[in-house]
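First up is the structure itself, then whatever we jot down about it.
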Amino acid sequence: MKLHILGCGDAFGSGGRNQSGYLFEAADRVFLLDCGPTTLLAMKRSGIDPRRLDVVFLSHLHGDHFGGLPFLFIEYLYEKPRRRPLRVAGPPGTEDRVRRLFRLMYGGGSSVKALPSTRFHTLQPGKNKIVKGISVFPFRVPHQERDISLALRIRYDGKRILYSGDSAWTERFVTHARGADLFLCECSFYDRETSNHMSYRILRHHLSKLQCKKVVLTHLGDEVLARRREIAFTLAQDGMVVKI
């Protein structure tokens with residue numbers, strides 16, 4: 001399995017980086033974790049045909065994590081039609097929010113523009129779900145107070161992946177990172193502590209408890225990028241390919 005890092009920046013595009021998008025390429029499946037506004041651009045830049053996508057898994061419904069879906073939809077409607085439905089799986093409210101965003105961005109005229117063939121799946125925190133043969137266990141993480149933000153534990157093709165989404169530290173990462181082939185973890189700050197994002201200082205403190213094979217830090221803010229040489233973990237870069 002390969003991970004193509006399409007975007008590893010924060011909401012502000014710190015360091016000129018694309019926004020969140022992580023494409024996993026297995027033997028017979030291609031799936032995305034999050035789909036920021038720059039995702040289609042990054043796929044084309046990497047030579048990846050968007051029609052190959054089977055599933056988009058969304059960690060939460062902030063624009064830098066799901067705002068790229070309308071661009072995929074118009075690609076499928078006008079440039080490269082799909083032969084099979086795209087699956088979109090996200091927290092409760094995903095289908096309504098995605099449809100409203102598409103109407104807002106491309107719904108001009110007298111009629112409501114229909115989506116290309118798309119099937120939506122709701123990820124309920126704490127309940128395992130199989131989407132297109134891919135096992136996903138979503139659990140809630142501290143990022144938003146009212147809406148639900150999820151971390152995603154993915155199992156497919158004999159590999160286990162943990163994706164933090166946007167989150168401050170939670171001990172649940174210790175449990176779900178155990179035995180994982182990859183922990184893709186957000187790291188917005190170096191030593192600044194907040195209630196909704198991770199800092200490198202906090203993550204480093206818990207390093208000995210993370211019994212996983214590899215940690216890659218992403219969603220990198222200016223504070224982290226300015227001190228990148230002081231960081232012991234692998235830092236994501238746009239265009240990076242990670243073999244799992």
Side-chain angles (χ1 to χ4, degrees), residues 3-14 17-24 31-39 55-69 87-94 97-98 121-129 131 134-156 160-177 180-189 194-200 202-203 206 210 212 214-221 224 233 235-236 242:
L3 162 60
H4 298 263
I5 297 179
L6 304 177
C8 59
D10 56 11
F12 312 103
S14 295
R17 295 177 176 223
N18 293 335
Q19 292 165 331
S20 295
Y22 312 96
L23 185 140
F24 289 81
F31 59 93
L32 268 174
L33 302 184
D34 284 340
C35 185
T38 51
T39 297
V55 186
V56 179
F57 294 101
L58 300 175
S59 64
H60 64 295
L61 300 175
H62 279 164
D64 57 314
H65 291 261
F66 90 112
L69 282 171
R87 310 293 183 109
V88 177
T94 291
R97 191 83 65 88
V98 169
H121 303 263
T122 299
L123 301 179
Q124 296 287 355
K127 295 185 178 181
N128 197 73
K129 195 170 188 70
V131 182
I134 302 165
S135 175
V136 54
F137 180 81
F139 58 96
R140 193 165 188 175
V141 291
H143 180 56
Q144 301 178 89
E145 292 185 4
R146 289 207 263 180
D147 288 346
I148 292 175
S149 287
L150 300 171
L152 305 173
R153 189 186 69 196
I154 304 287
R155 296 189 183 196
Y156 190 71
R160 289 188 286 176
I161 300 147
L162 177 61
Y163 173 46
S164 69
D166 279 6
S167 175
W169 174 259
T170 167
E171 289 294 320
R172 301 191 75 182
F173 289 145
V174 176
T175 300
H176 295 294
D181 295 281
L182 173 68
F183 180 20
L184 186 60
C185 183
E186 83 116 285
C187 190
S188 296
F189 305 114
T194 70
S195 61
N196 58 350
H197 281 292
M198 190 81 70
S199 80
Y200 174 66
I202 293 294
L203 188 61
H206 295 287
L210 294 174
C212 54
K214 188 176 185 65
V215 177
V216 174
L217 303 187
T218 190
H219 202 270
L220 307 172
V224 176
F233 297 100
L235 296 183
V242 180

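Numbering starts at 1 and runs along the sequence shown. Owing to the predicted nature of the structure, the values given are computational and were not obtained by experimental measurement.
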Working for side chain to side chain contact (heavy atoms under 4.5 Å, CB included), residues Leu150 and Phe139 = CA-CA 5 Å; Leu150 300 171; Phe139 58 96; 6.0 Å; no
query = Between Ser59 and Asp166, do the side chains contain an N or O donor and an N or O acceptor separated by less than 3.5 Å?
reply = no
inquiry  = Looking at every heavy atom in both Ala168 and Ser195, which two are closest together, and how far apart are they?
reply    = CB-O, 3.6 Å
request  = Answer whether the closest heavy-atom distance between the side chains of Leu58 and Leu69 falls below 4.5 Å.
outcome  = yes
task = Output yes when a side-chain donor or acceptor of Asp181 lies under 3.5 Å from a complementary backbone atom of Arg160, and no otherwise.
result = yes
Hey, can you pull the donor-acceptor pairs under 3.5 Å for the side chains in residues 3-14, sequence neighbours left out?
from  : atom 1 : to    : atom 2 : distance (Å)
His4  : NE2    : Glu25 : OE1    : 2.8
Asp10 : OD1    : Phe12 : N      : 3.1
Asp10 : OD1    : Gly13 : N      : 3.1
Asp10 : OD1    : Ser14 : N      : 3.0
Asp10 : OD1    : Ser14 : OG     : 3.0
Asp10 : OD2    : Ser14 : OG     : 2.8

inquiry  = Between Val55 and Ile134, is there a side-chain heavy-atom distance shorter than 4.5 Å?
reply    = yes
query = Less than 4.5 Å apart, any side-chain heavy atom of Leu23 and any of Phe31?
reply = no
request  = For the residue pair Leu220 and Arg17, establish whether any side-chain heavy-atom pair is separated by less than 4.5 Å.
outcome  = yes
ask   = Are side-chain heavy atoms of Tyr163 and Ile154 found at a separation under 4.5 Å?
value = no
task = Kindly give the heavy-atom pair with the smallest separation between Asp64 and Pro37, and that separation in Å.
result = CA-CD, 3.8 Å
request  = Could you grab the distance from atom CG of Leu184 to atom NZ of Lys214, nearest 0.5 Å is fine?
outcome  = 11.0 Å
ask   = For the rings on Phe183 and Phe173, is their centre-to-centre separation under 6.0 Å?
value = yes
inquiry  = Let's go through Met198 and Cys185 carefully: what are the C-alpha distance in whole Å and the side-chain angles of both, what is the deciding distance for side chain to side chain contact (heavy atoms under 4.5 Å, CB included) to 0.1 Å, and is it a yes or a no?
reply    = CA-CA 8 Å; Met198 190 81 70; Cys185 183; 3.7 Å; yes
message = Within this structure, what is the NE2-CZ distance for the pair His121 and Arg87, rounded to the nearest 0.5 Å?
response = 4.5 Å
Least distance between heavy atoms, Leu32 atom then Gly21 atom = CD2-C, 4.5 Å
ask   = Quick one: are Ser188 and Glu186 in side-chain contact, heavy atoms under 4.5 Å?
value = yes
query = Any chance CD of Glu145 has more than 12 other-residue heavy atoms, nucleotides or ligands included, within less than 6.0 Å?
reply = no
request  = Test Ile148 against His60 for side chain to side chain contact (heavy atoms under 4.5 Å, CB included), laying out the working first.
outcome  = CA-CA 7 Å; Ile148 292 175; His60 64 295; over 6 Å; no
ask   = Is a side-chain N or O of Thr194 found less than 3.5 angstrom from the main chain of His197, in a donor-acceptor match?
value = yes
task = Answer whether the closest heavy-atom distance between the side chains of Pro138 and Pro125 falls below 4.5 Å.
result = no
task = Begin from the C-alpha positions of Trp169 and Leu203 and carry the test side chain to side chain contact (heavy atoms under 4.5 Å, CB included) through to its verdict.
result = CA-CA 7 Å; Trp169 174 259; Leu203 188 61; 3.9 Å; yes
Partner residues of Gln144 under the side chain to side chain donor-acceptor pair (under 3.5 Å) criterion, sequence neighbours left out = His62, Ser149
inquiry  = With a 4.0 Å cut-off on N to O distance, would you call Asp147 and Arg97 a salt bridge?
reply    = yes
task = Heavy atoms only: give me the nearest Ala177-Leu210 pair and the separation to one decimal.
result = CB-CD2, 4.0 Å
query = Hey, does the side chain of Arg153 reach the backbone of Asn128 with a donor-acceptor pair shorter than 3.5 angstrom?
reply = no
key: Residue pair Leu61 / Pro92: nearest heavy atoms and the distance that separates them   = CD1-O, 4.4 Å
ask   = Between the side chains of Thr122 and Gln124, does any donor sit under 3.5 Å from an acceptor?
value = no
ask   = Short question: side chain of Thr39, backbone of Gly36 - any donor-acceptor pair under 3.5 Å?
value = yes
key: All ring pair (Phe, Tyr, Trp, His ring centres under 6.0 Å) counterparts of Tyr156, not counting sequence neighbours   = none
message = Could you go through His65 and His219, starting from their C-alpha distance and side-chain angles, then the distance that decides it, and tell me whether this counts as ring-ring contact (aromatic ring centres under 6.0 Å, His included)?
response = CA-CA 10 Å; His65 291 261; His219 202 270; 5.4 Å; yes
request  = Can you see which heavy atom on Cys187 is nearest to which on Ser199, and at what distance?
outcome  = SG-C, 4.1 Å
inquiry  = Any heavy-atom pair between the side chains of Val136 and Arg155 that's under 4.5 Å?
reply    = no
ask   = Taking atom OG of Ser164 and atom NE2 of His143, what is their separation to the nearest 0.5 Å?
value = 10.0 Å
inquiry  = How long is the straight-line distance from CG of Leu152 back to CZ of Phe137, given to the nearest 0.5 Å?
reply    = 10.5 Å
